[in-house]
Amino acid sequence: MRRILIIAEKPSAAKKIAYALSDKGVRIVKVGKTPIYATTFKGQQIYVAYAMGHLYNIVQKSGGWIFPVYNIKWERTSPKDRSYNERIKETIQAIAKIAREVDEIVVACDYDIEGSLIGYNVVKYACGEKYFKKSSRMIFSTLTRNELRKAFDRRLKTLDWPVIEAGKMRHEIDWIFGINLSRALTLSLRRVGDRERILSIGRVQGPTLKLLAEREIDINTHVPLPYWKARAIVEINGVKYVAEYAGGNIESEEKALEIKKIRDKYATVKKIERKVTKERPPPPFNLGELQREAYRIYRISPGKTLEISEKLYLQALISYPRTGSEQIPDSIDVKGIIEKLGEMREYRDLVQKIFEHSKRPKPVKGKGTDPAHPAIHPTGEKVNIKLSGNDRKIYDLIVRRFLASCYRSMTKSETRALLDIEGHLFVLKGVEIIDHGWLKIYPFKKVTEKPFPRIVEGMKLKVIRVEVEEKYTKPKPRYNVRSLLKKMENLGLGTKATRAEIIEILFSRRYLENPNNIEVTDLGMKVSEILSKICPEILSVELTRNVEQIIDELKSEYLTSEYRKVIVANTVLGLYSVLSKMKKNEINIGQSLVGKDFKPHVEGKPIGRCPVCGNQLLIVRSKKTKKRFIVCYGRTTGECDVTQPLPQKGRIRPLHETCKYCGYPLLACVSKGKEWVFCTNIRCPGKRKNV
DNA sequence: GCAAGGTC
């Protein structure tokens, strides 16, 4: 019997694959603590194991927190890593064990560059390179039974090497740019005395910061220009109505004055138009839209929404939330899910409405697609644990959106009357909802109704007055987290799973403040300013575009590892001179970053003037090693970098005298009852001559 | 300690 190990990207996918490829049911076998699905399919023994996203990551081969650094390698995600998960090690061991007993390894991770790379790394490092020739690749875009079976039968006989290389390339370029520039910024700050703060920048952080910085400049340099808005107040059967000037905003003062001069007491109804429009229900959520709506309606942050969705997913209440899709494939039992939702008291009425509308409800399809997952939808599972606060709100939002997407359109009628007053045209508008449709189920969209009077063409209406209001142009509004996420999505910055997190990083670096009305801090502006001079690539979306373009062009052809290395080297070529410039200008950059508000803070005992720069020399203790040493106060502003070691034992007493050989202060040290005098300069020319 | 990308 042929034995096959299938590697999925994550537990949920592994389960679906196992059940799709099973003739007689699925068993779970434990290898150590790791569960693995076992099944038989068309006379083959199948094991399905899963990774948990990337199990391997790029690390620096050797050396410390320095730059430039280009020596990198792939390594199992370590406990030091932020993304470490304690099950990683066991998972790898389990996969390695089963791999030894099978005839073939099938990579069945998501079909994108990260998925191909995840699978490749598992084969290479968990199993060993010799398994490459036994490895194949299953390609599918949804986790439905039919597609999975087809994908298994028609799998590629080898790994998809060009896609793997594309994935490696993306990781390497991001790492080299991000780590080096982040270190260069952080170490500049350290040079001028701020030893706490970490700065960062990267392919996604950079353009996002720049976007916000440009908006900040726009707002601060906006020159308000005058414009006018005109409206006529008319009276019909004793009721007042407002008709807006038909030409929109008036930019010429002359025109505004002309309208102001209207004295006619009557308006003539020139034309009436009535339009009935239908608005289709919104499609079910993808992650981005869920995050935006949760923020708009409940002010729940995108990060929080993701966290809650993940929890709901683990409780089996909703489908996989990290999806870009706004579509529910036909293979999902929509009717069954809705029936189950109907068993919950709070949704009974809504569900009844849906079935009155259609016996076979079908969610409308949105534009978003995703290679691996359908749109977010409830599973219909009973809510066992009582959901609290925000959890409840998010769950309810998902349920309502899903139900609404199966319901009928909203219908409204819009009426417009064109009024002529002394040759100037005004518009009288009315809006009436004829049928709320899906709005009854998803009531979070505001449609304001406006009554329309009973009038006919040719009628004369009484004009109470014509108002002309002077206004001034305003700058574009500041971003909030929601609009920023949307903008990033449009620009192709980050992915659905990382965008919210990256915005949070920008806040934690203190580049940004006030999430509801985002302002760029002085520090954020400085980082953007400095990089736009020294390394504009990191602030431009072009880096993302280039990487994408290279990947798109090459993954369909034969992108070899040699070729990848050449591309990475070419892409990071310019970085070398950027980094050496940053190193040379560390102090300038640091000073510019800390700005005028920065107050260097060093506590220590003064012992006399520094012979190099004239500032005070201080005795301080290292936070890290607890050892005492001498530092020049000038180091806090970057103008000096003198430090000197001290004996660690004994009581030290300043003598307020300077060394006759080098000008450094002299100190006395008392230890074990003896006192001796020494020069604080470790390289004092007088050291050998006994001071 | 620093990126961006998967995932728990």
Side-chain angles (χ1 to χ4, degrees), chain A residues 7-14 34 50-60 63-69 72 74 77 80-91 109-122 166-190 194-209 306-307 309-311 313-314 320-323 371-373 488 492-506 508-509 527 538 543-544 547-548 551 572 575 579 624:
Chain A
I7 294 164
E9 182 154 325
K10 49 191 163 264
S12 61
T34 306
Y50 52 82
M52 280 158 295
H54 283 291
L55 303 181
Y56 299 84
N57 225 325
I58 291 182
V59 296
Q60 191 172 338
W65 229 78
I66 50 153
F67 75 95
V69 40
I72 54 179
W74 285 83
T77 306
K80 278 180 270 173
D81 208 299
R82 190 174 50 82
S83 57
Y84 178 73
N85 173 322
E86 49 192 20
R87 287 166 58 200
I88 287 178
K89 199 173 168 187
E90 300 158 10
T91 300
C109 299
D110 294 355
Y111 187 52
D112 49 34
I113 63 171
E114 301 299 333
S116 291
L117 185 58
I118 290 168
Y120 158 85
N121 277 331
V122 168
K168 282 189 178 183
M169 189 181 93
R170 205 279 303 150
H171 277 260
E172 290 169 6
I173 292 174
D174 279 352
W175 195 97
I176 292 171
F177 265 93
I179 298 293
N180 278 296
L181 289 170
S182 297
R183 284 183 184 176
L185 290 173
T186 306
L187 293 175
S188 296
L189 214 50
R190 179 182 283 204
D194 187 336
R195 308 181 77 78
E196 308 293 322
R197 215 170 335 185
I198 302 287
L199 300 183
S200 65
I201 203 73
R203 177 177 54 82
V204 180
Q205 289 183 35
T208 308
L209 179 62
L306 175 59
E307 191 191 314
S309 315
E310 219 114 67
K311 201 160 70 184
Y313 164 66
L314 291 174
Y320 189 73
R322 270 182 238 240
T323 174
H373 302 283
M488 289 172 76
L493 292 173
T495 68
K496 57 185 184 272
T498 58
R499 280 189 279 267
E501 199 181 327
I502 286 171
I503 294 174
E504 269 159 31
I505 290 174
L506 293 176
S508 71
R509 302 274 178 255
V527 168
I538 200 66
L543 189 57
T544 288
V547 171
E548 265 171 13
I551 286 169
V572 304
L575 193 60
L579 294 173
K624 221 198 239 166

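So that the names make sense, note that chain A is the first sequence line, chain B the second, and so on, each numbered from 1. Side chains are part of it too, since the values below use all heavy atoms of this structure and drop only hydrogens, waters and symmetry mates.
For the pair Arg183(A) CZ and dG1(B) C1', the computed distance is 8 Å after rounding to whole Å. If you measure from atom OH of Tyr111(A) to atom P of dG6(B), you get 16 Å, rounded to the nearest angstrom. Here the P atom of nucleotide dC2(B) and the CD1 atom of Ile58(A) are 16 Å apart, to the nearest Å. The NZ-P distance, from Lys168(A) to dG6(B), rounds to 18 Å in whole Å. One can place CG of Leu543(A) at 15 Å from P of dA3(B), the figure rounded to the nearest angstrom. Atoms CD1 (Ile113(A)) and P (dG6(B)) sit 8 Å apart, rounded to a whole Å. Rounded to whole angstrom, the span from the CG atom of Asn121(A) across to the P atom of dG5(B) amounts to 17 Å. Between Tyr84(A) atom OH and dG1(B) atom C1' the separation is 19 Å, expressed in whole Å.
Among the heavy atoms of the strands lying under 4.0 Å from Tyr320(A) are primed sugar atoms or P, OP1, OP2 only; no base atom is included. Looking at heavy-atom distances under 4.0 Å, Glu86(A) makes no contact with the nucleic acid at all. Using a 4.0 Å heavy-atom distance criterion, Gly202(A) is classed as a sugar-phosphate-only contact. Contact annotation for Gly167(A): no contact, since no heavy-atom pair falls under 4.0 Å across all strands. Residue Asn180(A) is out of contact with every strand shown, counting any heavy-atom pair closer than 4.0 Å. Within 4.0 Å (heavy atoms only), Glu9(A) reaches sugar-phosphate atoms of the nucleic acid but no base atom.
Checked against dC2(B), dG6(B), dC8(B), the side chain of Pro11(A) finds its nearest nucleotide in dC8(B). Here the side chain of His171(A) is nearest to one of dA4(B), dG1(B), dG6(B), namely dA4(B). Here dG5(B) is the nucleotide among dC2(B), dG5(B), dA4(B) with the atom lying nearest to any side-chain atom of Thr498(A). Here dG6(B) is the nucleotide among dG1(B), dC8(B), dG6(B) with the atom lying nearest to any side-chain atom of Ile118(A). For His54(A), the listed nucleotide lying nearest its side chain is dG6(B); candidates were dA3(B), dG1(B), dG6(B). When the nucleotides dA3(B), dG6(B), dC8(B) are ranked by their closest atom to the side chain of Ala497(A), dG6(B) comes out on top. Considering only side-chain atoms of Lys10(A), the nucleotide from dC2(B), dG5(B), dC8(B) that sits closest is dC8(B). You'll find that the side chain of Met52(A) is closest to dC8(B), out of dA3(B), dC8(B), dG6(B). Across dG1(B), dC2(B), dG6(B), the shortest atom-to-atom separation from the side chain of Thr186(A) is found for dG1(B).
Geometrically, Lys168(A) does not engage Tyr120(A) in a cation-pi contact, judged by NZ or CZ lying under 6.0 Å from the ring centre and within 45° of the ring axis.
Taking CD1 of Ile503(A) as the start and OG of Ser508(A) as the end, the distance is 12.0 Å to the nearest 0.5 Å.
Put simply, Thr495(A) has a side-chain N or O that comes within less than 4.0 Å of OP1 or OP2 on dG6(B). For the OP1/OP2 pair of dC2(B) and a distance below 4.0 Å, the side-chain nitrogens and oxygens of Arg509(A) include at least one atom meeting the criterion. Of the side-chain N and O atoms in Arg197(A), none sit less than 4.0 angstrom from OP1 or OP2 of dG1(B).
Using a 4.5 Å cut-off on side-chain heavy atoms (C-beta onward), Gln60(A) and Trp65(A) make no contact. Using a 4.5 Å heavy-atom cutoff, the side chains of Arg87(A) and Thr34(A) are not in contact.
For the pair Ser12(A) and Glu114(A), both in contact range of DNA chain B, the more 5′-proximal nearest nucleotide belongs to Glu114(A). When the nearest nucleotides of DNA chain B are assigned to Glu310(A) and Val204(A) by heavy-atom distance, the more 5′-ward of the two goes with Val204(A).
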Apply side-chain contact (heavy atoms from CB on, under 4.5 Å) to Ile7(A) and Ile118(A), showing your working.
CA-CA 9 Å; Ile7(A) 294 164; Ile118(A) 290 168; over 6 Å; no
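Between the side chain of Arg499(A) and the backbone N or O of Gly494(A), at least one donor-acceptor pair lies under 3.5 Å. Here the side chain of Thr77(A) pairs no donor or acceptor atom with the backbone of Tyr84(A) at under 3.5 angstrom.
Where stacking is scored as ring centres under 5.5 Å apart with planes under 30°, Trp175(A) does not register as stacked on the base of dA4(B).
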